[in-house]
Student: 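Structure provided below as structure tokens; questions to follow.
Each ligand, and each atom within it, is numbered from 1 in the order the structure gives.
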Amino acid sequence: MNESTGTKLPPTQPAPYPHLLAPLDLGFTTLGNRVLMGSMHTGLEEEKNGFERMAAFYAERARGGVGLIVTGGFSPNLAGRVYHFGSQLSFSWQVRKHRLITEAVHAAGGRIALQILHTGRYAYHPLNVAPSKLRAPINRFTPRALSEWGIRKTIGDYVRCAQLAQKAGYDGVEIMGSEGYLINQFIARQTNRRDDQWGGSFENRIRFAVETVRATREKVGPNFIIIFRLSMLDLVEGGSSWEEVVQLAQAIEAAGATLINTGIGWHEARIPTIATMVPRAAFAWVTKRLKGAVNVPLITTNRINTPEVAEEVLASGCADMVSMARPFLADADFVNKAAANRGDEINTCIACNQACLDHIFNGKLSSCLVNPRACHETELSIEKTAARRKIAVVGAGPAGMACATTAAERGHAVTLFDAAEQIGGQFNLARRIPGKEDFAETLRYFGRRIETSGVTLQLNQRVDAELLKAGGFDHVVLATGITPRQPPIAGIDSEKVASYVDIVEGRKVAGKRVAIIGAGGIGFDIGEFLTHAHDDRSEAERFNDEWGIDPSYAHRGGLKPPLDEPAPRQVFLLQRKSSKVGDGLAKTTGWIRRTLLKKRGVQMIGGVNYERIDDAGLHITVDGQATTLAVDTVVVCAGQESRRELLAPLQAAGIPVTLIGGADVATELDAKRAIDQGTRVAAAL
Ligand SMILES: Cc1cc2nc3c(=O)[nH]c(=O)nc-3n(C[C@H](O)[C@H](O)[C@H](O)COP(=O)(O)O)c2cc1C
Ligand code: SF4
């Protein structure tokens, strides 16, 4: 009741996400909320006009409400760069460029810290250095062991980098001490075999880390944020014990760190830590173990991708702040949307790695599969149209949804048709694959965006050229997708043959022995679908058991022998090419998918000629040897063909038409290309 007027006030909504959106007092300054945008080297660092582009990229995230941003890693010297080129901050003349970033972020109301990352033996160039001359298993360059003078000089380079960052206007620095980079290489006995004061005892091995923080604090003064990213779970043989993690954290706090961030797994660890099959917040328990052992606030990380999960992590006392990295590629406005109770409008990171990490590993600029504007802020702008047109988009898969919503947001009158009863196209299959459940978030996001952008959605509606002509559309975008390809094999019409769509949609049930024809991304998906055993364990327990992660920390590095679990059926995964099966899979996730199926006993065979299918099974020839796989079911994952029956009639009717997505190119299902193309076509309509 309003006391002065006596009128009834509307009921107040409870404040959303009270833990996540609570300020964090750091003593000399207060952060607006508990959200840290985790460090990501995006490739913009090395681009032409990269600093202007980073300024736009980070400012958009600052406007979106992030409490504290951390930049991608910058090396403190030449030896520490990832490649012989690569980002580095060591010279006064570089300060001016960094000011573009800090000024843009501050003007947007944000805070930003620069990450200092020395790669040590992970540097892909011959100038790399490390505590000891031991080559990393993921690098062909053997490092030079640093001399004592070299160590002192390197610490000085970290300090200088931090001072330059301060001069450039950054609010702080993050010292990268995890993921197996230089500082981590000093800490672990297996990479540090020195017998001087920088090696041997644990106290000696952490000296480099502690000295770096102490010397930095001495020079930057008390009112500058220093985050230390600390490897709390190495996931490599000979990694730190839990007692050592605690000892290190306490020493880092005493040396002057403001915050301690969590690092999970060295790059050479053969355990997935961020891919989509990693359950959400799967490593928050690690940070929780450290709570109470230090007084500085702790940040937790990895696979926290919705405000609900972040809130739960904080509310359950796992940490004082959450780091989210890729979720801010997917949606710059994540925090503002959460704060405005519009969480259902968040474009959720589905942890596919396809446009971020895979791009970086292929020397390309990072972006995001679900948000093609990420890292293209200055170039891909979605402007209001001056000429509103009537547009039909046919097909509500990823390409069609991206195109329809973008066009409607620009001010066009858009109708989106699909013959199915729901939106999503091939994403409806993807989300049913175990470990890919997050793909459903993209459907939720587009479903909501279709509503907010004002697209007229017509489901259960098969269209033809007549109907489109009668509708008076100025332009038709064909996003009609693909149909699975049927390879010409004798007996392909047999009852025991199923398409991958039949299997995932449950129209056909696979028997106990199955052959999969085609070992591309879909073949592997089907392999996972068919070998996933359902039981009572939680997702997190199952993940830890399957990959050998030891939450009790009984073993160094948090490793335990993985459990080999019986799969519900025997599966053969076959491909025509004689190369390694699955070598076409993405760089950062292919090894995980191959390892997982091998653990489940899937037999992978390359160089296969398919002869025929009959009652006895699938007859094949491999290296000239004829064999029969006595299988009950053959699942065909042998590519797809574009569906574009509408193209010719529309052209004949004189209606301007554009093909996008699978209807345009159907070599392999490619949602990244589809969403990017749909968005760009709409931006130009
Ligand atoms: C494209 C990309 C680049 C990254 N670069 C860095 C980096 O320079 N320094 C760093 O500490 N972590 C880096 N990371 C790791 C992230 O900080 C984070 O730990 C990881 O993405 C897991 O968090 P998320 O699930 O919130 O994305 C990078 C991650 C990605 C996807
Ligand atoms: S490309 Fe995939 S993993 Fe990377 S940010 Fe986008 S949705 Fe997340």
Student: Quick test of your reading: applying salt bridge (Lys or Arg N to Asp or Glu O under 4.0 Å), list the pairs with at least one residue in residues 264-279, sequence neighbours left out, ordered by first then second residue.
Tutor: Arg121-Glu268
Student: List the steps and the verdict of side chain to side chain donor-acceptor pair (under 3.5 Å) for Thr287 and Thr300.
Tutor: CA-CA 6 Å; Thr287 320; Thr300 196; 2.6 Å; yes
Student: In a simple table, one pair per line, please give the protein and ligand 1 atom names for every N or O pair closer than 3.5 Å, along with the distance.
Tutor:
| unit_1 | atom_1 | unit_2 | atom_2 | d |
| --- | --- | --- | --- | --- |
| ligand 1 | 5 (N) | His41 | N | 2.9 |
| ligand 1 | 8 (O) | Ser39 | OG | 3.4 |
| ligand 1 | 8 (O) | Gly73 | N | 3.1 |
| ligand 1 | 9 (N) | Ser39 | OG | 3.0 |
| ligand 1 | 9 (N) | Gln115 | OE1 | 2.7 |
| ligand 1 | 11 (O) | Gln115 | OE1 | 3.4 |
| ligand 1 | 11 (O) | Gln115 | NE2 | 2.9 |
| ligand 1 | 11 (O) | Arg229 | NH1 | 2.9 |
| ligand 1 | 12 (N) | Ser39 | O | 3.4 |
| ligand 1 | 12 (N) | Arg229 | NH1 | 3.3 |
| ligand 1 | 14 (N) | Ser39 | O | 3.1 |
| ligand 1 | 17 (O) | Ser39 | O | 2.6 |
| ligand 1 | 17 (O) | Arg229 | NH1 | 3.2 |
| ligand 1 | 19 (O) | Arg229 | NH2 | 2.8 |
| ligand 1 | 25 (O) | Arg303 | N | 2.8 |
| ligand 1 | 25 (O) | Arg326 | NH2 | 2.8 |
| ligand 1 | 26 (O) | Ala325 | N | 2.8 |
| ligand 1 | 27 (O) | Arg326 | N | 3.0 |
| ligand 1 | 27 (O) | Arg326 | NE | 2.7 |

Student: Run the numbers on His98 and Tyr170 for side chain to side chain donor-acceptor pair (under 3.5 Å), then give the verdict.
Tutor: CA-CA 9 Å; His98 283 271; Tyr170 285 102; 2.7 Å; yes
Student: I'd like to check the side chain to side chain donor-acceptor pair (under 3.5 Å) partners of Tyr445; sequence neighbours left out, ordered by chain and number.
Tutor: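 Checked Tyr445 against side chain to side chain donor-acceptor pair (under 3.5 Å); matches are Arg449.
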Student: Without hydrogens or angle criteria, can the side chains of Glu45 and Ser87 be said to hold a donor-acceptor pair below 3.5 Å?
Tutor: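 The answer is no; no qualifying pair exists.
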Student: Let me know which of Val335, Val66, Val322 forms a side-chain contact (heavy atoms from CB on, under 4.5 Å) with Asn33.
Tutor: Val335
Student: In terms of side-chain heavy atoms, does Asn347 have a donor or acceptor partner in Asp331 at a distance below 3.5 Å?
Tutor: no
Student: Taking atom types as modelled, is there a side-chain donor on Thr406 or Arg373 under 3.5 Å from an acceptor on the other?
Tutor: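 Thr406 vs Arg373: no donor-acceptor pair found between side chains.
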Student: Is any protein N, O or S atom closer than 2.8 Å to atom 6 (Fe) of ligand 2, and if so, which?
Tutor: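 Those protein N, O or S atoms (cut-off: under 2.8 Å from atom 6 (Fe) of ligand 2) are Cys368 SG.
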Student: Quick one: does any side-chain atom of Thr405 pair with a main-chain N or O of Ile450 as donor and acceptor, under 3.5 Å?
Tutor: no
